[in-house]
Amino acid sequence: MSRQLNMDTLRQNFWKEEYLREKMVRCEWHRKYGSMAKAKQKAKAAAHLPLKLPTLHPTAPLSPPPAPKAVPSRATSPALEAPIQSEMYPVLPATRALLYEGISHDFQGRYRYLNTRKLDIPEMRYLFPITTNFTYGWQLGPPVKQEMVSCKTCRIESFFRKNGAFALLDPRDLAL
């Protein structure tokens with residue numbers, strides 16, 4: 001897009017005066033309100049700074065009270081004091097033995113162990129539901145198979161529209 005070159009001296013002088021007037025208005029505004037604008041900018045910048053929290057110096061840990069020397073204490077091992085808490089029940093020895101029979105490539109060993117372990121219901125494997133998703137399937141019992149008591153033509157008639165895909169719907173076809 002090319003510029004129009006119909007600028008004569010009169011028009012050039014008009015734009016020159018307009019530019020100088022705008023420049024003077026800006027300078028006058030800056031002289032009057034510049035200090036207030038800078039103060040507002042500083043206040044706004046200070047409001048956006050993150051809050052600096054005071055640093056806490058670590059205190060010396062409290063020393064445990066001295067043990068009475070008159071009573072001899074027997075040293076117990078840490079393993080006996082705090083037993084390992086697992087969220088699963090221990091595996092039956094027969095199931096654990098599956099791990100050491102064959103290799104997974106031949107559908108034995110770990111593969112067979114995991115498939116056997118998978119057949120147990122979650123209540124038999126875990127002490128309590130670990131995640132919230134466990135609660136959906138917890139204590140459901142054995143699955144109940146329900147048989148459909150309908151013929152093929154009944155299912156076809158209830159599934160497909162009777163009036164075609166793009167026809168107006170019959171009031172009897174609409175679900176209430």
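Nearest heavy-atom pair, Y89 versus E123, reported as atom, atom and distance to 0.1 Å: CE1-O, 3.4 Å. Taking every heavy atom of both residues into account, R110 and S104 meet most closely at CB-OG, 3.4 Å.
Between E87 and F128 there is a side-chain heavy-atom pair separated by less than 4.5 Å. Annotation: side chain of Q12 is in contact with side chain of M7 (closest heavy-atom distance under 4.5 Å).
Hydrophobic side-chain contacts under 4.5 Å tie Y113 into a cluster, directly or through other members, with V91, L98, L99, Y100, L114.
Residue E22 holds its CD atom at 12.0 Å from SG of C27, rounded to the nearest 0.5 Å. Taking CH2 from W15 and CG from L20, the interatomic distance works out to 13.5 Å, rounded to the nearest 0.5 Å. To the nearest 0.5 angstrom, D120 atom CG is 7.5 Å from L92 atom CG. Taken from CZ in R96 to CZ in R117, the straight-line distance is 8.5 Å, to the nearest 0.5 Å.
The side-chain contact (heavy atoms from CB on, under 4.5 Å) search around E28 returns R31, K32, not counting sequence neighbours.
Enclosure of atom CZ in F14 by more than 12 non-hydrogen atoms of other residues, nucleotides or ligands within 6.0 angstrom is indicated. Around the CE atom of M88, the shell of radius 6.0 Å holds more than 12 heavy atoms that belong to other residues, nucleotides or ligands.
Test E17, K23, E18 against R21 for side chain to side chain contact (heavy atoms under 4.5 Å, CB included) and you get one pass: E18.
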